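Predicted, not measured: the structure shown is a model, and the values here were computed from it. In what follows, every chain begins at residue 1, and chains take the letters A, B, ... in the order their sequences are listed.
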Amino acid sequence: MLDIRRLRENFQEIQEKLAHRGEDLSGLDEFAELDRKRRNLIQQSERLKKERNEVSKKIAELKREKKNADAYIVEMRNVGDQIKAFDDELREVEGQLQQLLLQIPNVPHESVPIGEDEEENVEVRKWGEIREFSFEPKPHWELAAETNILDFERAAKVTGSRFVFYKGLGARLERALFNFMLDLHIDEHGYEEVLPPYLVNRMSMIGTGQLPKFEEDVFKIREEDYFLIPTAEVPVTNMHRDEILEADDLPIAYAAYSACFRSEAGAAGRDTRGLIRQHQFNKVELVRFVKPEDSYDELEKLTAHAEKALQLLKLPYRVMNMCTGDLGFSAAKKYDLEVWLPSYQTYREISSCSNFEDFQARRAGIRFRRDQNSRPEYVHTLNGSGLAIGRTVAAILENYQQEDGTIVIPEVLRPYMGGKEKIE
RNA sequence: GGAGGAGUACCCAAGUCUGGCUGAAGGGAUCGGUCUUGAAAACCGACAGGGGCUUCACGGCCCGCGGGGGUUCAAAUCCCUCCUCCUCCGCCA
C-alpha cells in the first residue's frame with residue numbers, strides 16, 4: 001500500500017511512474033475526491049465529539065450534585081445523531097479509500113528498466129556453461145518416465161491435472177534438494193529456519209499483497225476464511241504483522257521450506273507437461289526484514305544467496321532485472337533467476353527475488369524503532385525463492401542427463417541421497 | 001464439536017455486578033537521581049503507547065481497556081458479533 005500522504009502530495013509523479021506498469025489505473029481518479037471527503041468528515045465529526053465530551057462532563061457534574069441536566073441531555077441527543085451520521089458516511093468513504101489504495105501496485109524503483117513485458121527485461125549477468133550434448137537431450141518428463149521417478153497419470157486420477165507423485169529416487173531427490181537448500185541458507189547465509197502454516201487468513205493475504213486483487217490465483221478453503229499459501233512468503237512475512245521490532249534485531253532473515261499452492265487460473269495450455277507449472281510445488285523461501293536505508297543492498301545479498309544454490313548445483317542461469325511491465329504487484333524491484341532448460345532451449349524462472357520497500361510493511365503494519373525515543377518506522381521487506389524445488393528437479397534431470405537416459409546426481413546432493421551418484 | 005472461564009498499558013494486576021471527578025489504582029521491570037570506593041539494598045523522581053485531523057511552527061483536538069458494531073447525553077463497565085487463550089468432556093494424527 002502506498003502512503004496516503006505521499007500519494008496526495010506527489011499524485012502526478014506517482015501516477016506517471018505507475019503508468020509504466022501498463023495496468024489500468026482508472027481507480028486513481030477517485031482518490032483526490034475520497035481523500036478530501038474523508039478529511040472533511042473527520043473534521044466535522046471531531047468538532048462535535050469535542051462538544052459532546054465537554055457537555056457530558058458538565059452533565060456528570062450536575063448529576064452528582066443532584067441537579068437537573070435535562071436541557072443538556074436533549075441538546076446532546078441531537079449532537080449524537082449528527083455524529084452518527086458523519087461517522088456512518090466516514091466509514092463508507094474510508095472503506096472506499098482503503099479498497100482503492102489496496103488495488104494500487106507499488107511504485108517501481110528508479111533502477112527498474114521501463115518496458116511493457118518480459119521482452120524488455122534486462123539481463124544483469126549470466127553464470128555457468130551451457131552444456132553441449134552429443135545426443136538429442138530429452139525433456140525432464142520423458143527422463144522421469146524412463147527412470148520411474150514421477151507419476152503424473154496417477155496424480156491426475158487421485159487429484160487432477162497439474163499434480164504429481166514423486167517416487168523412489170525422485171521423492172528422495174526432492175527431499176535432498178530442500179534439505180540441501182535449507183542447510184545452505186541456515187548454516188552459510190545466517191537465516192533462521194521456519195516451518196510455517198500452509199493455511200493463512202485473509203488479513204495475511206492482504207498483508208503481502210495477494211489480496212484483494214488476485215483472489216482467483218489462490219485456493220480458498222470453503223468453510224473458513226482461510227487460503228492455501230501460494231508461497232511461504234505469506235505466512236513468514238506476516239509473522240511480524242502489527243509488530244514494532246527493535247532496530248537491533250534487524251535484519252531479520254528467515255528461510256522457510258513449504259509446499260505452495262496456486263490455482264494457475266489463466267495458465268490453461270501453458271506448460272502442460274512436466275514439473276514446470278503445478279498446482280502444488282515445494283519451495284524454500286527466503287524472507288528478510290531490514291532497515292529502509294539497507295534494502296537495496298539487502299536485495300543484492302538475498303539474490304546472491306539464491307544464486308549460490310544454483311552455483312553449487314552447477315546449473316547454468318542468468319539474472320534478469322524485471323522491467324516495469326513485468327514486476328509483481330507488490331515489488332518495487334525484482335530479479336528473476338532463470339535456469340537453463342535444454343529441452344526448452346531457453347532459460348526458465350526458478351527464483352524471484354524482490355524488494356517490496358515499505359509496501360508490504362505498510363499493509364501489514366510491520367514497523368521498527370530506531371531507539372527508545374524515536375517513532376516507529378516501517379521496515380522494508382524482501383523475499384526470494386531459494387529455490388523452487390520442482391523446477392530445480394526439472395533442471396537437474398535435463399542438465400545432468402546421460403545418453404542412456406540415466407541422470408547423474410549433482411555432487412553436493414549425494415550426501416543427501418545416501419551416497420548415490422546416479423538415477424537409473 | 002460440547003460446557004465453562006478469561007483477554008486492561010513492557011509484565012503482573014484492581015476496576016466491570018451498581019455506566020459519570022478512571023484520559024485507568026497498586027506492584028514489578030525499565031530509565032534518571034540520592035547514598036556507596038564500586039555494586040546491591042533502601043529512598044526520591046520519570047514512566048500509554050499508537051494512530052488520525054489541524055497548524056509554517058509552538059500547540060490544539062479526536063480515537064484508544066482483544067477486534068468490530070450497538071444502546072446511552074455519557075461505556076473498560078450494558079447488549080450483539082468475531083478472534084485468541086485457559087479448564088473439563090468428546091473426537092483424533
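Taking 4.0 angstrom as the limit, A:Gln43 places a side-chain polar atom (N or O) nearer than this to OP1 or OP2 of B:rU54. Under 4.0 angstrom from either OP1 or OP2 of B:rG50 there lies at least one side-chain N or O belonging to A:Arg369. Distances shorter than 4.0 Å separate some side-chain N or O of A:Asn53 from OP1 or OP2 on B:rC63. Applying the 4.0 Å criterion to OP1 and OP2 of B:rG52, one finds that A:Arg5 has a side-chain N or O inside that range. In terms of phosphate contacts, A:Arg47 brings no side-chain nitrogen or oxygen within less than 4.0 Å of OP1 or OP2 of B:rU54.
Across all strands shown, B:rA75 forms no Watson-Crick or G-U wobble pair with both distances under 3.5 Å. Nucleotide B:rU16 is matched to nothing when pairs are restricted to Watson-Crick or G-U wobble geometry with both distances under 3.5 angstrom. Base pairing analysis places B:rA3 opposite B:rU87; the two distances defining the Watson-Crick or G-U wobble pair are each below 3.5 Å. Within the shown strands, B:rC31 is the pairing partner of B:rG45 under the Watson-Crick or G-U definition, both distances less than 3.5 Å.
With B:rG51, B:rC53, B:rC73 as the choices, the nucleotide that has an atom nearest any side-chain atom of A:Met76 turns out to be B:rC73. You'll find that the side chain of A:Ala60 is closest to B:rG20, out of B:rC63, B:rG20, B:rC53. When each of B:rC62, B:rG69, B:rG52 is scored by its nearest atom to the side-chain atoms of A:Arg91, the top-ranked nucleotide is B:rG69. Counting only heavy atoms from C-beta on, A:Arg52 has its side chain closest to B:rA74 among B:rA74, B:rC21, B:rC53. Of the candidate nucleotides B:rG70, B:rG20, B:rU54, B:rG20 has the atom nearest to the side chain of A:Ser56. Each of B:rG70, B:rG51, B:rC62 was ranked by its minimum atom distance to the side chain of A:Asp88; first place goes to B:rG70.
Within 4.0 Å of A:Lys84, counting heavy atoms only, lie sugar-phosphate atoms of the nucleic acid but no base atom.
B:rC80 and B:rA75 have their C1' atoms separated by 15 Å, given to the nearest Å. When the P atom is used for both B:rG23 and B:rC62, the distance is 12 Å, rounded to whole Å. Using P as the reference atom, B:rU55 and B:rC17 are 42 Å apart when rounded to the nearest Å. B:rG32 and B:rG19 are spaced 45 Å apart, taking the P atom of each and rounding to whole Å. Taking atom C1' on both nucleotides, B:rA76 is separated from B:rG64 by 11 Å, rounded to a whole Å. Between B:rC12 and B:rG90, the distance separating the two P atoms is 32 Å to the nearest Å. Comparing B:rC79 with B:rU84, their P atoms sit 22 Å apart, to the nearest whole Å. Nucleotides B:rG69 and B:rG33, compared at atom C1', are 49 Å apart to the nearest Å.
One atom, CG of A:Asn40, and another, P of B:rG52, lie 19 Å apart when rounded to the nearest Å. Summarising the geometry, the separation between NZ on A:Lys63 and P on B:rC21 is reported as 14 Å, rounded to the nearest angstrom. As rounded to whole Å, 16 Å separates atom P of B:rG19 from atom CD1 of A:Ile59. Atom-to-atom, CZ of A:Arg77 to P of B:rC73 comes out at 4 Å; the value is rounded to the nearest Å. For the pair A:Ile244 CD1 and B:rA9 P, the interatomic distance rounds to 14 Å; values are reported in whole Å. Rounded to whole angstrom, the span from the OH atom of A:Tyr378 across to the C1' atom of B:rG51 amounts to 9 Å. If you take CG of A:Asp35 and C1' of B:rC53, they are 12 Å apart, rounded to a whole angstrom. Look at CG on A:Asp242: it is 12 Å from P on B:rG67, rounded to the nearest Å.
Between A:Leu100 and A:Ile104, the shortest heavy-atom distance links the atoms O-CG1, 3.3 Å.
Taking 4.0 Å as the cut-off between side-chain N and carboxylate O, A:Arg273 and A:Glu142 do not count as a salt-bridged pair. Of the charged side-chain nitrogens involved, none lies within less than 4.0 Å of a carboxylate oxygen, so that A:Glu293 and A:Lys291 do not count as a salt-bridged pair. Here A:Asp151 does not pair with A:Lys157 in a salt bridge; the nearest charged N to carboxylate O distance is not below 4.0 Å.
Counting only heavy atoms from C-beta outward, the side chains of A:Lys301 and A:His305 approach each other to under 4.5 Å. The side-chain heavy atoms of A:Asp217 and A:Gln210, taken from C-beta on, include no pair separated by under 4.5 Å. Contact annotation: the side chain of A:Leu275 approaches that of A:Tyr166 to within less than 4.5 Å [non-hydrogen atoms, C-beta and beyond].
Between A:Tyr226 and A:Arg375, the one whose closest nucleotide on RNA chain B sits nearer the 5' end is A:Arg375. Looking at which nucleotide of RNA chain B each of A:Glu61 and A:Arg38 is closest to, the 5′-most match is held by A:Glu61.
For B:rG52, the base has a donor-acceptor partner in the side chain of A:Glu46 [N/O atoms by modelled type, under 3.5 angstrom].
In this structure, B:rG52 shows a glycosidic angle more than 90 degrees from zero, which is the anti conformation.
Ring geometry for A:His109 versus A:Tyr296: interplanar angle under 30°, hence parallel rather than tilted (30 to 60°).
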